[in-house]
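The structure appears below as structure tokens.
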Amino acid sequence: MNFAEMQTMAVKKFSSVPDPVNSSDSSSDDDQASHPSVTKKKPVPARSTKSITADEEKVLRALLKKWMAKNSTAYKCLTLTAFFWLASVSILVRYQNFWSTLPVAASIVRNFMILHDSCHGSFLETRRQNAILSSIIQFFSQFQWTTWRETHNHHHTHLGDNSVIDTSLTVWFSEEEYANMPLKMKIPFRLIRDPLLFFPIASAWVFFISRPIIQFLPRYVVPIGFYFAFGLKVAFLYCVGGWMAGIVGLCLFHLQHQVNTPYRVSHDRKSLIDAGLYGSTLLAIRWPFTLITLGIEFHHIHHASVLVPSYHLAQCHAEGERLNLFGGINRVGGHRAVMSLFHALFKGNVKHSHADHHEYDAEHPPPSFATFWPYSALGLFDQS
């Protein structure tokens with residue numbers, strides 16, 4: 001059973017609504033060295049189906065508009081990114097060992113963050129500029145840019161809507177659904193979705209196996225060039241670095257939406273702003289790792305508006321904190337992040353909030369995430 005088949009199984013569990021792709025139009029300062037605002041408040045999970053007030057939304061929209069793309073800052077970010085990639089390749093060619101793949105992995109993660117923004121039309125000031133950038137940086141990010149734009153915008157449009165399956169998420173089934181699976185499906189699902197195996201397997205699938213024709217050039221132009229320039233070993237180690245970058249990226253994506261308590265509501269209650277603020281997390285990532293993640297840890301800002309580029313997310317968040325806009329967001333510290341990486345199932349049979357209840361109680365518990373035995377017995381899941 002591969003990932004596509006598992007996602008098809010998940011689709012059959014839901015009735016779907018039309019899937020419009022969320023269109024992204026494009027509309028600072030140096031990369032942030034640290035994010036002190038991340039740790040000012042103790043990380044706590046959301047405990048109710050929150051909704052931003054009309055007055056707060058008005059202030060928030062003005063704030064988000066203020067921090068849209070600025071080419072002068074974007075070009076500084078691109079220059080530093082190019083330097084990181086060239087330095088990582090130089091280290092790889094010089095040493096040609098496992099440790100030299102780590103800088104390569106870090107640089108590819110950063111490259112992908114820029115691809116992510118440019119496909120939203122937010123990294124540079126115009127749509128054409130972002131399209132040109134996407135068509136170039138895809139070769140240094142290992143993902144074909146139009147494919148990413150289409151699939152990822154679907155995720156932004158439907159995050160939190162329980163009537164549409166979001167196949168980009170990493171938790172699909174409840175404990176009850178898993179218990180009732182036929183054995184021929186349960187065994188492969190248990191193996192593939194094991195928390196220790198899933199991210200390495202998923203990285204190989206997403207970045208090296210799936211969609212082999214359309215993804216061939218973005219995946220292999222650089223490794224093939226390295227093969228002719230530096231030999232097979234360098235080309236292979238570069239691919240290893242790309243695989244490791246995929247693991248890091250998928251772990252980050254998992255932690256952006258699969259930390260207790262998730263935002264999952266009925267279609268008529270779903271709001272793009274609420275899904276962004278309360279269905280995404282604020283991860284406590286510190287410098288120098290922020291040079292790699294490029295602001296994606298402020299995921300509540302990114303989902304509130306895709307038009308705020310990565311290099312402005314930290315500043316936008318800091319200003320929003322001063323305006324008291326982010327009181328209910330899900331702040332995730334290091335311990336909760338590690339525990340949440342083990343999330344593989346929805347607890348019990350609850351996968352979304354009750355349609356008629358905004359506040360959770362004993363009769364209407366919130367959706368929450370759980371894990372498989374023996375990790376559950378060891379307490380390796382977020383119990384907040």
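In this chain, numbering begins with 1 at the start of the sequence shown.
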### Task
Determine whether C251 and F199 make a side-chain contact, defined as any pair of heavy atoms from C-beta on separated by less than 4.5 Å.
yes

### Task
Could you tell me whether the side chain of K186 and the main chain of A179 form a donor-acceptor pair under 3.5 Å?
yes

### Query
Would a hydrophobic clustering, with Ile, Leu, Val, Met, Phe, Trp and Tyr connected at side-chain separations under 4.5 Å, put F83 with I91?
no

#### Entry: Full working for side-chain contact (heavy atoms from CB on, under 4.5 Å) between V265 and D161
CA-CA 6 Å; V265 298; D161 186 345; over 6 Å; no

### Query
Should we count CZ of F236 as having more than 12 external heavy atoms under 6.0 Å?
no

### F208, CZ atom: more than 12 neighbouring heavy atoms under 6.0 Å
yes

### Any side-chain heavy-atom pair of L60 and L277 under 4.5 Å
yes

### Task
Heavy atoms only: give me the nearest S310-D117 pair and the separation to one decimal.
N-OD2, 2.5 Å

### Query
Within the side chain of N260, is there an N or O that forms a donor-acceptor pair under 3.5 Å with the backbone of D382?
yes

### Message
So, taking the atom named CD in Q383 and the one named OG in S376, what distance separates them when rounded to the nearest 0.5 Å?
### Response
10.0 Å

### Query
Side chains of L64 and C316: does their closest heavy-atom pair fall under 4.5 Å?
yes

### Query
Would L115 and L250 show up in the same hydrophobic cluster when neighbours are defined by side-chain heavy atoms closer than 4.5 Å?
yes

#### Entry: K351 vs N162 side-chain heavy atoms within contact, under 4.5 Å
no

### Message
Assess, by modelled atom type and distance only, whether the side chains of R336 and N330 contain a donor and an acceptor separated by less than 3.5 Å.
### Response
yes

### Query
So which heavy atom on A344 is nearest to which on F189, and how close?
O-CZ, 4.5 Å

### Query
Do H302 and F298 come close enough that some side-chain heavy atom pair is under 4.5 Å?
no

### Message
Return the CD to CD1 distance between Q315 and I301, rounded to the nearest 0.5 Å.
### Response
11.5 Å

### Summary
Rounded to the nearest 0.5 angstrom, the CZ-NE2 distance for F123 and H116 is 12.5 Å

### Task
Fit a plane to each ring of H299 and H156, take the angle between them on a 0 to 90° scale, and name the class: parallel (under 30°), tilted (30 to 60°) or perpendicular (over 60°).
tilted

### Query
Does S210 reach the main-chain N or O of W205 with its side chain, forming a donor-acceptor pair under 3.5 Å?
yes

### Task
Indicate whether any N or O donor in one side chain lies under 3.5 Å from an N or O acceptor in the other, for T170 and Q258.
yes

### Query
What is the ring orientation for F253 with H257, classed by angle as parallel under 30°, tilted 30 to 60°, or perpendicular over 60°?
perpendicular

### Message
Is the shortest side-chain heavy-atom distance between L255 and L341 below 4.5 Å?
### Response
yes

### Check: E56/N324 side-chain N/O donor and acceptor closer than 3.5 Å
no

### Task
Apply the test side-chain contact (heavy atoms from CB on, under 4.5 Å) to residues L282 and V332: give CA-CA distance (whole Å), side-chain angles for both, the deciding distance (0.1 Å), then the verdict.
CA-CA 6 Å; L282 168 59; V332 181; over 6 Å; no

### F346 and F369: CA distance, side-chain angles, deciding distance, ring-ring contact (aromatic ring centres under 6.0 Å, His included) verdict
CA-CA 4 Å; F346 286 94; F369 298 111; 5.1 Å; yes

### Task
Just say parallel, tilted or perpendicular for the rings of H317 and H300, cut-offs at 30° and 60°.
perpendicular

### Message
Does E125 form a side-chain contact (heavy atoms from CB on, under 4.5 Å) with S72? I'd like the steps, not just the answer.
### Response
CA-CA 10 Å; E125 293 176 3; S72 60; over 6 Å; no

### Backbone of E176 reached by a side-chain donor or acceptor of N180 within 3.5 Å
yes

### Task
State whether a side-chain donor-acceptor pair under 3.5 Å links W67 with E319.
yes

### Query
Which class fits the ring pair W85 and Y238: parallel under 30°, tilted 30 to 60°, perpendicular over 60°?
perpendicular

### Side-chain donor-acceptor contact under 3.5 Å, H254 with H343
no

### Worked check of side chain to side chain donor-acceptor pair (under 3.5 Å) between H158 and D166
CA-CA 7 Å; H158 299 298; D166 183 351; over 6 Å; no

### Query
Can you tell me if Q215 uses its side chain to pair, donor with acceptor, with the backbone of Q144 under 3.5 Å?
yes

### Task
Would you please test I137 and F112 for side-chain contact (heavy atoms from CB on, under 4.5 Å) and show each step?
CA-CA 8 Å; I137 204 165; F112 195 93; over 6 Å; no

### Message
On a heavy-atom basis, which atom in P366 and which in T261 lie closest, and how many Å separate them?
### Response
CB-CG2, 3.7 Å

### Summary
Exactly one candidate in V109, L283, L252 meets side-chain contact (heavy atoms from CB on, under 4.5 Å) with T293; the answer is L252

### Message
Check E297 with R331, please: is the shortest side-chain N to carboxylate O separation under 4.0 Å?
### Response
no

### Query
Going by the angle between their ring planes, with limits at 30° and 60°, are H152 and W148 parallel, tilted or perpendicular?
parallel

### Summary
Taken to the nearest 0.5 Å, the spacing of I273 CD1 from S305 OG works out to 7.5 Å

## Note on the structure
Taking every heavy atom of R190 against every heavy atom of Y375, the minimum-distance pair comes out as NH2-CE1, 4.0 Å

### Query
Is it the case that one hydrophobic cluster holds both M113 and W243, taking links as side-chain heavy atoms less than 4.5 Å apart, direct or via other members?
yes

### Hphob cluster co-occupancy, W99 + F230, side-chain heavy atoms under 4.5 angstrom
yes

### Task
Tell me whether I213 is reachable from V206 by hopping between hydrophobic residues (I, L, V, M, F, W, Y) whose side-chain heavy atoms are closer than 4.5 Å.
no

### Polar side-chain atom of E150 near backbone of T147 as donor-acceptor pair, under 3.5 Å
no

### Query
If you measure only the distance, is there a donor-acceptor pair under 3.5 Å linking the side chains of H303 and H155?
yes

### Any side-chain donor near an acceptor of the partner, D55 and T53, under 3.5 Å
no

### Heavy-atom check, side chain of F84 versus side chain of R110, under 4.5 Å
yes

### Query
What's the shortest heavy-atom distance between A284 and G333, and which atoms?
CB-CA, 4.1 Å

### Query
Under 4.0 Å between a Lys/Arg side-chain N and an Asp/Glu carboxylate O for D274 and K270?
no

### Query
Crowded around Y75 OH? As in, over 12 foreign heavy atoms under 6.0 Å?
yes

### Task
Please confirm whether R193 makes a cation-pi placement over F372, using NZ or CZ under 6.0 Å from the six-membered ring centre and within 45° of the ring normal.
no

#### Entry: Side-chain (E175) to main-chain (K347) donor-acceptor, under 3.5 angstrom
no

### Task
Starting at CD1 of I132, measure out to CZ of R127 and round the result to the nearest 0.5 Å.
13.0 Å

### Query
If you look at every heavy atom in A74 and L124, which pair is closest and at what distance?
CB-CD2, 3.5 Å

### Query
Can you find a heavy atom in the side chain of Q142 that is under 4.5 Å from one in the side chain of V222?
no

## Note on the structure
Here the gap from L237 atom CG to F226 atom CZ, rounded to the nearest 0.5 Å, amounts to 11.5 Å

